[in-house]
Amino acid sequence: MAPEPTCVEEISFSEKVQPMIELNCSTSGCHDVAAQGGVNLVSYIGVEANADKILNVIQLEDGNSDLMPIGGPRLPDSTIQQFNCWIQQGKLNN
């Protein structure tokens, strides 16, 4: 597990988190309205409610069968850090 990030800038849900989720998670057949495993990430409510789970599975190393996005590769460290900062900053709907 990575150390807590140093969060300098406020992370915007609409500008940073939501686009990352849309590109990597809530695509058709994954965590969309059909919601694999019951985890629907198409809205702020779903992402906020599952933020800790999301962070756990995107931090896993390549080759781990639980790594998300499914089939890898692992997201860039900078993207993971932004998501972690968003959580640390209170999961704002901004």
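Fair warning: this is a prediction, and the values are worked out from it, not measured in the lab. Any value given below was found using the heavy atoms of this structure, including those in side chains, with hydrogens, waters and symmetry copies removed.
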Engineer: Which heavy atom of P19 sits nearest to which heavy atom of S14, and what is that distance?
Structural biologist: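 Smallest interatomic distance, heavy atoms only, reads CD-O, 3.4 Å.
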Engineer: Working to the nearest 0.5 angstrom, can you tell me the gap between I70 CD1 and S65 OG?
Structural biologist: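 Between I70 CD1 and S65 OG, I get 9.5 Å after rounding to 0.5 Å.
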Engineer: Side chains of L75 and F83: closer than 4.5 Å at any heavy-atom pair?
Structural biologist: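 Result no, sub-4.5 Å side-chain heavy-atom pair not found.
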Engineer: Counting distance only, does the side-chain N/O of Q89 pair as donor-acceptor with the main-chain N or O of I11 below 3.5 Å?
Structural biologist: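 Checking the backbone N and O of I11 against the side chain of Q89, a donor-acceptor pair under 3.5 Å is found.
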Engineer: Roughly how far, to the nearest 0.5 Å, is the CG atom of D77 from the CG atom of N84?
Structural biologist: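 If we round to the nearest 0.5 Å, N84:CG and D77:CG are 11.5 Å apart.
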Engineer: With R74, which of I80, T79, I58 fulfils side-chain contact (heavy atoms from CB on, under 4.5 Å)?
Structural biologist: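 Filter result, single survivor: I80.
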Engineer: Measuring from Q59:CD to D66:CG, what's the distance to the nearest 0.5 Å?
Structural biologist: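 Rounded to the nearest 0.5 Å, the CD-CG separation comes out at 13.5 Å.
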Engineer: So, for C25 and C30, which heavy atoms are closest and what is the spacing to 0.1 Å?
Structural biologist: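 So the two residues come closest at O-CB, 3.3 Å.
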Engineer: Donor-acceptor pair, distance only, cut-off 3.5 Å: does the side chain of Y44 make one with the backbone of N94?
Structural biologist: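 Such a contact is absent between Y44 side chain and N94 backbone.
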Engineer: Would you check, one step at a time, whether the test side chain to side chain contact (heavy atoms under 4.5 Å, CB included) holds for W86 with K16?
Structural biologist: CA-CA 9 Å; W86 176 73; K16 300 285 185 181; over 6 Å; no
Engineer: Hey, could you give me the OG/CG distance between S12 and N93, rounded to the nearest 0.5 Å?
Structural biologist: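 Answer for the OG-CG pair, S12 versus N93, is 9.0 Å.
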Engineer: Just one of N50, V42, L41 clears the side-chain contact (heavy atoms from CB on, under 4.5 Å) bar with I21, so which one?
Structural biologist: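 Option passing the side-chain contact (heavy atoms from CB on, under 4.5 Å) with I21: L41.
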Engineer: Between CD of Q88 and OG1 of T6, what distance do you get to the nearest 0.5 Å?
Structural biologist: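 Between atom CD of Q88 and atom OG1 of T6 there are 10.5 Å.
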Engineer: Which value, rounded to the nearest 0.5 Å, describes the distance between K53 atom NZ and M68 atom CE?
Structural biologist: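 Rounded to the nearest 0.5 Å, the NZ-CE separation comes out at 11.5 Å.
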Engineer: Would you indicate whether C85 and C7 have their SG atoms under 2.5 Å apart?
Structural biologist: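 Bridged: C85 to C7.
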Engineer: Does CD1 belonging to I45 count more than 12 external heavy atoms closer than 6.0 Å?
Structural biologist: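 Counting other residues, nucleotides and ligands, CD1 of I45 stays at 12 neighbours or fewer.
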